[in-house]
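Written out below as structure tokens is the structure these notes cover.
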Amino acid sequence: MTKQEDLQTVASSFQSFLEELHSKYNSLQDGSVANYIPELAKVNPDLFSICIATINGDVYEVGHYKELFTIQSISKVFVYGLALEDHRRDYLLTKVGVEPTGDGFNAIILDEKSKRPYNPMVNAGAIATTSLIKGSDATERLNRMLDMFQRYTAHNVFVDISVFTSERITGHRNRAMAHLMLHFGMIEQNIDEALDLYFQQCSVMVNCHDLAVMAATLANKGINPITGKQAVDSRYVKDILSVMYTCGMYNFAGEWAYKIGIPAKSGICGGIIAVIPGRMGIGVFSPRLDSRGNSVRGVKVCEELSQQFGLHLFDCSGNQLNLDS
Ligand code: DON
């Protein structure tokens, strides 16, 4: 068998594996969709897709991978990257920490001593991060953010106005956190504008294919494997992946790191991205969530992929999946 035929065999058996994985967990109906943002409660709970994008730009996908949904908290990863580019690491660290909280994603807490939000992956830290995005006015800040997302997705992205409006009207906890951070000087600009931008970033529409390509971009030193263009300065990829690893799955982050061992980020849309540095990005979408706000099927799929293909960062067993050599 030639090397090319060999690779084709590996690719088609990996695609079959994904299809089996999808049908295995398709019957799992545990959890419920997020309903604290009224527009999100309208999602079809049965949607389910799994996509893997390699750093060479090959994409494997199964299920409803074209279905659009709002990115929600997964956006925090990418906005953190933009804030790092805008301000550099040291300044950002004075405004947002990098410590896991062990609390829920919407907890109204700040670090007792520094008054910083704990990390950029929880709502408080994300709002503070978003408030730092540069731009001469709200429109320029939004456009810079959309441009940034487009570097990762390789196509134009849009804000879902219904979800944005729904979040804006009901986001009282987020408003409370913003006021608290304004009080302690962690947010300096107009908080209504910062909150609007935060609600807009959460309402950016993507599909599961996009999630995998975005994750693969982080796996590929910040270079989008489809366009070959730099989406984020490679110097900051390690910062982004570190906070994903320690804080990306909220108060499940420790168990996730222990069992699954891959930098990841979930959102209450039911999406999860996971990044295997130097190899691939995983996107999973299934809207039913567990009590911590993570997709039930998404966690199962990532757990099985990690175990089956030795994707845990600290796995030394030698049974790693190789899709590209
Ligand atoms: O701020 C919020 O509540 C939502 N826009 C985002 C929350 C989210 O996705 C947290 N994820 N688990």
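Keep in mind the model is a prediction, meaning the values are calculated, not measured. Counting starts at 1 for both ligands and their atoms, in listed order.
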Taking distance alone, with N or O pairs closer than 3.5 Å, would you say [X] contacts ligand 1?
X    : answer
S266 : no
K76  : no
I268 : yes

| field | Hydrophobic cluster identity match, L195 and I71, side-chain contacts under 4.5 Å | value | yes
| query | Is V301 reachable from V296 through a run of I, L, V, M, F, W or Y residues, each pair having side-chain heavy atoms under 4.5 Å apart? | reply | yes
Nearest-neighbour protein heavy atom for [atom], which is reported as residue plus atom name and distance:
atom                   : value
atom 6 (C) of ligand 1 : Q72 OE1, 3.2 Å
atom 7 (C) of ligand 1 : S73 OG, 3.1 Å
atom 1 (O) of ligand 1 : Y198 OH, 2.6 Å

| request: Establish, from distance only, whether the side-chain atoms of N123 and Y198 form a donor-acceptor pair under 3.5 Å. | output: yes
| query | Would S75 and Q201 count as having a side-chain donor-acceptor pair, cut-off 3.5 Å? | reply | yes
Under 4.0 Å from a heavy atom of [X]: give me the atoms of ligand 1 that qualify, with their elements.
X    : result
N174 : 1 (O), 2 (C), 3 (O)
G293 : 12 (N)
E167 : 4 (C), 5 (N)
C202 : 5 (N)

| task | Could you pull out, from Y250, Y36, F199, the option with a heavy atom nearest to atom 2 (C) of ligand 1? | result | Y36
| said: Using heavy atoms and a 4.0 Å limit, tell me yes or no: is N106 in contact with ligand 1? | reply: no
| request: Start with the C-alpha distance between F78 and I273, add both sets of side-chain angles, then the distance that settles side chain to side chain contact (heavy atoms under 4.5 Å, CB included), and finish with yes or no. | output: CA-CA 11 Å; F78 304 98; I273 58 165; 3.7 Å; yes
| Within 45° of the axis and under 6.0 Å from the centre of the six-membered ring of Y250, does NZ or CZ of R292 qualify? | no
| message | Less than 4.0 angstrom from a charged side-chain N to a carboxylate O is my criterion; do R168 and D196 meet it? | response | yes
| message | Are the side chains of D86 and R144 in contact, using a 4.5 Å heavy-atom criterion? | response | yes
